[in-house]
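Note sheet for the following structure.
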Amino acid sequence: MNIMMNGVKKLVEEQTEALRTEVEDLLSQKKEKCMEIGMMLVSSEEICAEFMARCENPDEDVSATDSSEQTELAEKIRDVYNLENRMRELQQQIDEIERHPHCPSCGKNLDADALYCKYCGCFVGEEPATKKRKCAKCGYELPEEAVFCPNCGSMA
């Protein structure tokens, strides 16, 4: 059972690592786009003034009167917002994978209250607790190894 758990843990780690790698790649792309935007803004005071308001509403259509430089800048700003949205989606997937229980046998997601995996039938619930012994005389819950009751002294 422990070997299966290690396999499932490795599978979950591989899934989350692949998503984290994609997030890192998107972050690099975002940084590159932001640098391009910065260079464009620094090189044109006119663009800087016009796009300060537009940055607050990135979904607004670029008008036909915009210059090609302005259009390019607007597209880069939209690209940054799209990258940020994709990174948020991936982070949600990572969070979901990490918090969801997985079957130790097949690695699929389990319902939180499942006793058996609905995909492979593997028992996934808690091991049944050992039945607690009680003292016949006083009802005290006895330790597993007790020969005499620690509460009243009678034989267990």
Side-chain angles (χ1 to χ4, degrees), residues 1-42 48 51-62 72-156:
M1 183 79 157
N2 198 17
I3 292 173
M4 287 189 290
M5 287 298 285
N6 288 339
V8 170
K9 185 177 180 181
K10 184 177 180 181
L11 177 66
V12 169
E13 288 172 354
E14 288 172 357
Q15 289 175 336
T16 56
E17 185 59 32
L19 292 171
R20 282 190 177 99
T21 300
E22 188 174 347
V23 168
E24 288 174 14
D25 182 50
L26 292 170
L27 187 57
S28 294
Q29 290 178 40
K30 177 186 169 187
K31 287 178 182 177
E32 185 178 313
K33 294 285 183 191
C34 287
M35 288 182 65
E36 291 172 5
I37 291 169
M39 292 303 291
M40 290 179 80
L41 289 174
V42 168
C48 186
F51 274 91
M52 289 304 287
R54 187 171 295 187
C55 288
E56 294 174 6
N57 189 4
D59 294 327
E60 184 178 301
D61 285 339
V62 177
E72 183 181 353
L73 181 58
E75 289 171 0
K76 289 185 185 300
I77 291 171
R78 280 194 198 99
D79 289 345
V80 169
Y81 281 99
N82 290 337
L83 290 167
E84 288 174 342
N85 288 334
R86 180 64 181 143
M87 287 188 297
R88 272 192 294 278
E89 290 170 4
L90 292 171
Q91 188 58 52
Q92 288 173 343
Q93 288 179 20
I94 291 169
D95 294 345
E96 179 66 24
I97 289 170
E98 288 180 338
R99 82 169 158 262
H100 215 287
H102 295 83
C103 174
S105 179
C106 69
K108 297 214 174 169
N109 287 348
L110 298 169
D111 295 331
D113 58 350
L115 294 176
Y116 293 89
C117 176
K118 63 185 173 185
Y119 301 101
C120 71
C122 178
F123 178 73
V124 295
E126 295 288 323
E127 292 294 327
T130 57
K131 189 175 179 182
K132 301 287 183 182
R133 297 185 309 149
K134 294 193 178 211
C135 174
K137 184 173 181 184
C138 71
Y140 185 83
E141 193 172 291
L142 299 169
E144 196 173 310
E145 69 282 350
V147 178
F148 294 95
C149 176
N151 187 51
C152 70
S154 66
M155 189 167 227

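Owing to the predicted nature of the structure, the values given are computational and were not obtained by experimental measurement.
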Side-chain contact test, heavy atoms from C-beta onward, threshold under 4.5 Å: evaluate it for [X] versus [Y] and give yes or no.
X	Y	result
Lys31	Leu27	yes
Tyr140	Cys152	no
His102	Leu110	no
Ser154	Cys138	no
Asp111	Pro101	no
Ser105	Cys117	no

- [ ] Look at the side chain of Arg133 and the backbone N and O of Glu141, then say whether any donor-acceptor pair between them is shorter than 3.5 Å.
- [x] no
Find the distance between [atom1] ([X]) and [atom2] ([Y]) and round it off to the nearest 0.5 Å.
X	Y	atom1	atom2	result
Ile77	Glu75	CD1	CD	10.5 Å
Ile97	Asn109	CD1	CG	7.5 Å
Leu26	Thr21	CG	OG1	11.0 Å
Ile37	Glu72	CD1	CD	10.0 Å
Asp95	Leu90	CG	CG	11.0 Å
Arg20	Gln91	CZ	CD	7.0 Å

Quick one: closest heavy-atom pair of [X] and [Y], and the distance?
X	Y	result
Met87	Val23	SD-O, 3.9 Å
Tyr119	Cys106	CB-SG, 4.2 Å
Met155	Phe148	CA-CD2, 3.8 Å
Cys149	Leu142	CA-CD2, 3.6 Å

TODO: May I ask you to say whether Arg86 pairs ionically with Glu89, meaning some side-chain N is under 4.0 Å from a carboxylate O?
DONE: yes
